[in-house]
There are 2 protein chains.
Amino acid sequence: MNLKELAKHLNLSPTTVSRALNGYPEVGEATRKRVDEEARRFGYRPNTHARRLATGRAHAIGYVLPADKSLMIDPLFSDFVAGATDVYAAHGFDVMLHAGGQEDESSVYQRYSQGGSVDGVVVLGPRLGDPRIELLNGLHMPYVVHGRVGGLTSDFAWLDIDNYGAFYRATKLLIDLGHRRIGLINGLEDFNYAHDRRCGYEKALQDRGLNADPLFTSSGLMTEENGYRQTKRILQLANPPTALILGSMLLVAGAMRAANEMGLLIGRDVSLIAHDDGLPFLNAQSLVPSLTTTSSSIRAAGERVAQLMLGIITDPEVELPHELWSVDLIVRGSTGPAL
Amino acid sequence: MNLKELAKHLNLSPTTVSRALNGYPEVGEATRKRVDEEARRFGYRPNTHARRLATGRAHAIGYVLPADKSLMIDPLFSDFVAGATDVYAAHGFDVMLHAGGQEDESSVYQRYSQGGSVDGVVVLGPRLGDPRIELLNGLHMPYVVHGRVGGLTSDFAWLDIDNYGAFYRATKLLIDLGHRRIGLINGLEDFNYAHDRRCGYEKALQDRGLNADPLFTSSGLMTEENGYRQTKRILQLANPPTALILGSMLLVAGAMRAANEMGLLIGRDVSLIAHDDGLPFLNAQSLVPSLTTTSSSIRAAGERVAQLMLGIITDPEVELPHELWSVDLIVRGSTGPAL
DNA sequence: GAAATCGTTCAAAGCGCTTTGGTAAAAATA
DNA sequence: TATTTTTACCAAAGCGCTTTGAACGATTTC
């Protein structure tokens, strides 16, 4: 059933039916009602592609995961995009996904742009000086960055959590508890978020006249295995840290394994603070001891990014949004006074 | 730059240019080359929606995550779809994602179908007697199921791993090692895969004249927390199992925590076998002791499902594929003889 | 009562592509 | 050489929608 058929059935022109369905004012109330009812009765839906061709708007947003992450698709992504789905659906937008793969990420953007497949893209996992920004600027493709990109002058829309502040405060808390040697098991530091976290960590130490021992820190994949390895390495040093800050709950899983293996009691022998993205399968609160965290829901961020995205493409004249979310520092059982 | 402009620039008709670019034979070799070169030079890409409208094919596949999973978006999904991306990209197909959300899953399918948004959908996480099958049959929408659906008579395309066989063999291995009391911490058993796994487990016990103590088993969410809770509950029973079989690596994380807390050494005091989907962030081999697993790459499955999907929509007359993948049982350090 | 305004409706053009049904020139066949 | 076939190309229709511009009767204004 298409527009023409529906119109014929109603003894109306396609014009009027289209207008009635799309809520234009120049349609009589009685007619509108009749059209709505019959459309529903026949389960009529306008053909997506015809509408898109006619309006010139794709009604779709692209999510492209970087190619070099393909070896390790971010487990956060599912949650990030899940938050967005409802926002998009409510506005008749679809999500177009390109998850890693061989194809160069920039070529995907180019394809999207020239083919008109999407009205905008969400940039995930930005790195320091990320080239995607300039590329997208050049393509005149609207985009929102989840995170920020340090060292770039151009303006762009972003939503980020206060990674710097979160890790500053986490470090400060540990210092206040008497810890003087504090380790950091970070994500890969060419990612902007991990870079910011290290800066916060170092600044807090510095503010108290401490300095970060390079041996106490690491930058690597956020896997259980790496969490285990780094924790073990760091805690086996001659004069090891009494506290560790970790970039994700997955690292925590490995850290706990390492601590157990070494016979160290978390919260007493070694304090732990981790960043918690609110992943549903790894709950910080239910661990024993429950975990002190810097918490921020990746799902909520995904939802908000979707809203910003829609805002930008609805009104391209509007000022580009910048949102910095503060991060909760939730003190639980894994942090205690230094021995 | 669109077709018409490109054609004018080349002093050719849009027809010829279109044919040249799409590899039709009725174009001279010299002309084809000239067209290809200029198209590349201008970075010309046909407008997606125009092409889709003209051909009637969406060149897109839908991935819809069940609404009731929205509370817990499957962490496996990212990997599943990552495997598919290249396959689709190579054939000019896009992935349309609808991850959970408010909207009823069946209404999403209906929308996809009537709007012509996708050429087919992949059905994820099928349940016993899953209603989606009949719905999609009714919509005449091509689909491939990842998994199977027990208790259904109608034929449909699927790819599944041999969950029954995997858990049968895992259980048998433990019995052969002398274990007589074996626990099962399963996924939610209204999912078909979890149901099959329990059947394999029970059959193996039964074949050796043992029977499954209901207290030794559980069916629940595959989270770290649930793994911890169930392991603790089961191992604290009066006459507890000497071995456990677990549905996922996430459950293992919790199980290890519980075992450590209870002072039990895995592989000696209690044997563990888990199913490993090959998630990159949780490595069975690198655990201590390394974990005995039933292994099957979810990523490879995602890739193959994509191929099957393309096969079906390319040639709708072809017989519906059914693929049952055998599962590797990899014996590592977490299984030992019963005490 | 004539002119202007308003509320509804429609015919037709256009979005950018593919595809059908040609045609003219070149090559093969008779 | 005349005829058929092949090759290489094109004009125009059509995919299903939105949107422009016009039409027409009903209502309001002067």
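Order of the sequence lines fixes the chain letters, A, B, ..., with proteins taken first and strands second; residue numbering starts at 1 for each chain.
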Set of residues satisfying side-chain hydrogen bond (donor to acceptor under 3.5 Å, both in side chains) with respect to B/Ser106, sequence neighbours excluded: B/Asp104
Restricting to nitrogen or oxygen on both sides, can you table the protein-nucleotides 10-17 of chain C pairs closer than 3.5 Å?
| unit_1 | atom_1 | unit_2 | atom_2 | d |
| --- | --- | --- | --- | --- |
| C/dC10 | OP2 | A/Ser13 | N | 2.8 |
| C/dC10 | OP2 | A/Ser13 | OG | 3.1 |
| C/dC10 | OP2 | A/Thr16 | OG1 | 2.8 |
| C/dC10 | N4 | A/Arg19 | NH1 | 2.8 |
| C/dA11 | N7 | A/Thr15 | OG1 | 3.4 |
| C/dA11 | N6 | A/Thr15 | OG1 | 2.7 |
| C/dA12 | N6 | A/Thr15 | OG1 | 3.3 |
| C/dG16 | N2 | B/Ala50 | O | 3.4 |
| C/dC17 | OP1 | B/Tyr44 | OH | 2.6 |
| C/dC17 | OP1 | B/Asn47 | N | 3.2 |
| C/dC17 | OP2 | B/Leu3 | N | 2.3 |
| C/dC17 | O5' | B/Tyr44 | OH | 3.4 |

Touch class at under 4.0 angstrom, heavy-atom based, for B/Gly56 against every strand present: nothing
Atom-pair distance (CD on A/Glu26; C1' on C/dT5), nearest Å: 16 Å
Degree of bending, the helix from C/dG1-D/dC30 to C/dA30-D/dT1 (end axes from five pairs; round to 10°): 40°
Minimum heavy-atom distance between B/His49 and A/Gly116, given as atom pair plus value: NE2-O, 3.1 Å
Geometric class of the B/Tyr63/B/Tyr88 ring pair [parallel <30°, tilted 30-60°, perpendicular >60°]: perpendicular
Backbone N/O of B/Val27 and side chain of B/Thr31: donor-acceptor pair under 3.5 Å: no
Check: A/His98 ring centre within less than 6.0 Å of A/Tyr112 ring centre: no
A/Asp94 bridged to A/Arg52 by N-O distance under 4.0 Å: yes
Pairing residues for B/Arg41 by the side-chain hydrogen bond (donor to acceptor under 3.5 Å, both in side chains) criterion, not counting sequence neighbours: B/Glu38
A/Phe156/A/His322 aromatic ring centres below 6.0 Å: no
Identify each atom pair where a protein N or O and an N or O of nucleotides 24-26 of chain C are less than 3.5 Å apart, giving names and distance.
none

Interatomic distance, A/Leu10 CG vs C/dT8 P [rounded to whole Å]: 17 Å
side-chain contact (heavy atoms from CB on, under 4.5 Å) involving B/Asn137 - partner list, sequence neighbours excluded: B/Ile133, B/Glu134, B/Tyr143, B/Ser154
Test: B/Arg32 and B/Glu29 ion pair at under 4.0 Å: yes
Short side-chain N/O contact to C/dT19 OP1/OP2 from B/Tyr24, under 4.0 Å: yes
